[in-house]
There are 2 protein chains.
Amino acid sequence: MKRRRTYVCGLDAAFGVVGGKWKALLLWELDQGVRRFGELRRALEGISEKMLIQQLREMEHDGLVHREVFREVPPRVEYSLTDFGRSLNKAMEPLGDWGEEHKARIEALHL
Amino acid sequence: MKRRRTYVCGLDAAFGVVGGKWKALLLWELDQGVRRFGELRRALEGISEKMLIQQLREMEHDGLVHREVFREVPPRVEYSLTDFGRSLNKAMEPLGDWGEEHKARIEALHL
DNA sequence: TCCGATTCTTACCTTTTGGTGAGTACCCGA
DNA sequence: TCGGGTACTCACCAAAAGGTAAGAATCGGA
């Protein structure tokens, strides 16, 4: 999602960093624990490698995700949430609960 | 934002209805009170009429927004939140607070 | 020597989203 | 008769997001 230069309110700013199709899902998955690239790819069914890296890089740049490279062969890279990322995930919990509660209704809308 | 047919978690479902560039802002604005079309257009600086209607229609379809037409001349249409819409807005409050708290940091990222 | 595993990287293309500008319909008042 | 105000609607185009598929680098093991 293209960013605004300035945000009109907090919600707007928050959507600046978790907007798009995959970031909220990544945040949730990484909140469960440290994950390797391949694990994330398998966890987010349907994501392409290109998108996965792109999103991870942006989240790293935004300070939500920490990336650690182990110089092994084959290469190993581990992704985890920073404190900042964890705080965001926590702030999204009520929204997740709301969605859980109304999931069926929302899915029924476009059948 | 294009919808998934099914959602993998509650957060995913919630993003299904508030995803995109404008809906969260509209929800917030309508939570302040009943608004006419023109008022919303002026409140969401930069939105085009086409986008505004499109988003409002989708939110109406999703049961978040109520639309009431007054058969007057010139025409008057009032938009307001449904209970469902208000419950969603409430669930987003912590996220809004988080964004408010970190707004400066987030804006500073892409300068 | 060739294959497999893993994490990317790149070029190219399609789909989706968003913007522009014009037009419609209505009635009122100047 | 003409312009103004309101809430759209439409056709067309541009920008952004997202997908596909191929390739690169590395080393160990068959």
Side-chain angles (χ1 to χ4, degrees), chain A residues 1-5 7-8 12 15-27 29-30 34-62 65-80 109-110, chain B residues 1-5 7-8 12 15-27 29-30 34-62 65-80 109-110:
Chain A
M1 203 152 53
K2 181 80 181 297
R3 299 245 175 109
R4 294 186 173 83
R5 312 121 207 94
Y7 299 104
V8 299
D12 193 22
F15 268 73
V17 293
V18 278
K21 198 173 175 182
W22 300 109
K23 284 181 183 171
L25 263 40
L26 271 172
L27 212 64
E29 182 63 26
L30 287 174
V34 174
R35 292 285 185 275
R36 298 183 57 176
F37 181 82
E39 291 175 322
L40 289 172
R41 190 185 46 206
R42 283 185 291 275
L44 278 77
E45 204 182 299
I47 196 172
S48 64
E49 298 192 336
K50 175 188 138 185
M51 270 297 111
L52 181 52
I53 294 176
Q54 203 173 95
Q55 304 303 301
L56 284 169
R57 288 278 147 87
E58 286 177 22
M59 291 169 81
E60 192 192 354
H61 172 257
D62 292 348
V65 161
H66 172 73
R67 176 170 179 269
E68 191 161 8
V69 181
F70 298 84
R71 310 216 155 276
E72 308 171 354
V73 169
R76 183 158 64 103
V77 181
E78 287 186 351
Y79 294 92
S80 54
L109 285 171
H110 48 93
Chain B
M1 204 153 51
K2 181 80 181 296
R3 298 241 176 113
R4 294 185 174 86
R5 310 126 208 86
Y7 299 104
V8 299
D12 192 21
F15 269 72
V17 293
V18 279
K21 198 173 174 184
W22 301 110
K23 284 181 183 171
L25 263 40
L26 272 172
L27 212 64
E29 182 63 26
L30 287 173
V34 174
R35 292 285 186 273
R36 299 183 56 175
F37 181 84
E39 292 176 322
L40 290 172
R41 191 186 44 208
R42 284 186 291 276
L44 279 75
E45 204 182 295
I47 197 171
S48 63
E49 299 192 338
K50 175 188 140 184
M51 271 296 111
L52 181 52
I53 294 176
Q54 203 174 95
Q55 304 302 302
L56 285 169
R57 289 278 147 87
E58 285 177 21
M59 292 169 81
E60 193 191 355
H61 172 257
D62 292 349
V65 161
H66 173 73
R67 177 172 179 266
E68 191 161 6
V69 181
F70 297 85
R71 309 213 156 278
E72 307 170 356
V73 169
R76 183 159 64 103
V77 180
E78 288 186 351
Y79 293 92
S80 54
L109 286 170
H110 49 93

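Excluded from the calculations below are hydrogen atoms, water molecules and symmetry mates; all remaining heavy atoms, backbone and side chain alike, are included. So that the names make sense, note that chain A is the first sequence line, chain B the second, and so on, each numbered from 1.
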Which pairs of donor and acceptor atoms, one on a side chain in residues 39-50 of chain B, lie under 3.5 Å apart (sequence neighbours left out)?
{"from": "B/Glu39", "atom 1": "OE1", "to": "B/Arg36", "atom 2": "N", "distance (Å)": "2.7"}
{"from": "B/Arg41", "atom 1": "NH1", "to": "B/Glu49", "atom 2": "OE2", "distance (Å)": "2.6"}
{"from": "B/Ser48", "atom 1": "OG", "to": "B/Met51", "atom 2": "N", "distance (Å)": "3.3"}

Phosphate-side-chain proximity, [X] and [N], N/O vs OP1/OP2 below 4.0 Å:
X	N	value
A/Arg41	C/dA5	no
B/Arg67	D/dC8	yes
A/Arg36	C/dT6	no

Open item on the list: Across nucleotides 13-18 of chain D, 5' to 3', mark each nucleotide with B, S or - according to how protein heavy atoms within less than 4.0 Å reach it.
Closed with: ---SSB
What integer distance in Å separates [X]:[atom1] from [N]:[atom2]?
X	N	atom1	atom2	result
A/Arg71	D/dT26	CZ	C1'	11 Å
A/Glu60	C/dC8	CD	P	9 Å
B/Tyr79	D/dT6	OH	P	15 Å
B/Glu39	D/dT6	CD	C1'	12 Å
A/Phe70	D/dC27	CZ	C1'	19 Å
B/Arg57	D/dC10	CZ	C1'	13 Å
A/Ile53	C/dT6	CD1	P	15 Å
A/Phe37	C/dT7	CZ	P	7 Å

Identify all pairs in which a protein N or O lies below 3.5 Å from an N or O of nucleotides 22-28 of chain C, and state each distance.
none

Open item on the list: Please give me the minimum heavy-atom distance between B/Leu26 and B/Met59, naming the atom from each residue.
Closed with: CD1-SD, 3.9 Å
[atom1]/[X] to [atom2]/[Y] distance, rounded to the nearest 0.5 angstrom?
X	Y	atom1	atom2	result
A/Lys21	B/Asp12	NZ	CG	10.0 Å
B/Leu56	B/Arg67	CG	CZ	9.0 Å
B/Trp22	B/Glu58	CH2	CD	14.5 Å
B/Leu30	B/Lys23	CG	NZ	13.0 Å
A/Arg4	A/Phe15	CZ	CZ	10.5 Å
B/Phe37	B/Ile53	CZ	CD1	4.0 Å

Task: Under 3.5 Å donor-acceptor, B/Arg3 side chain and B/Gly16 backbone - done: yes
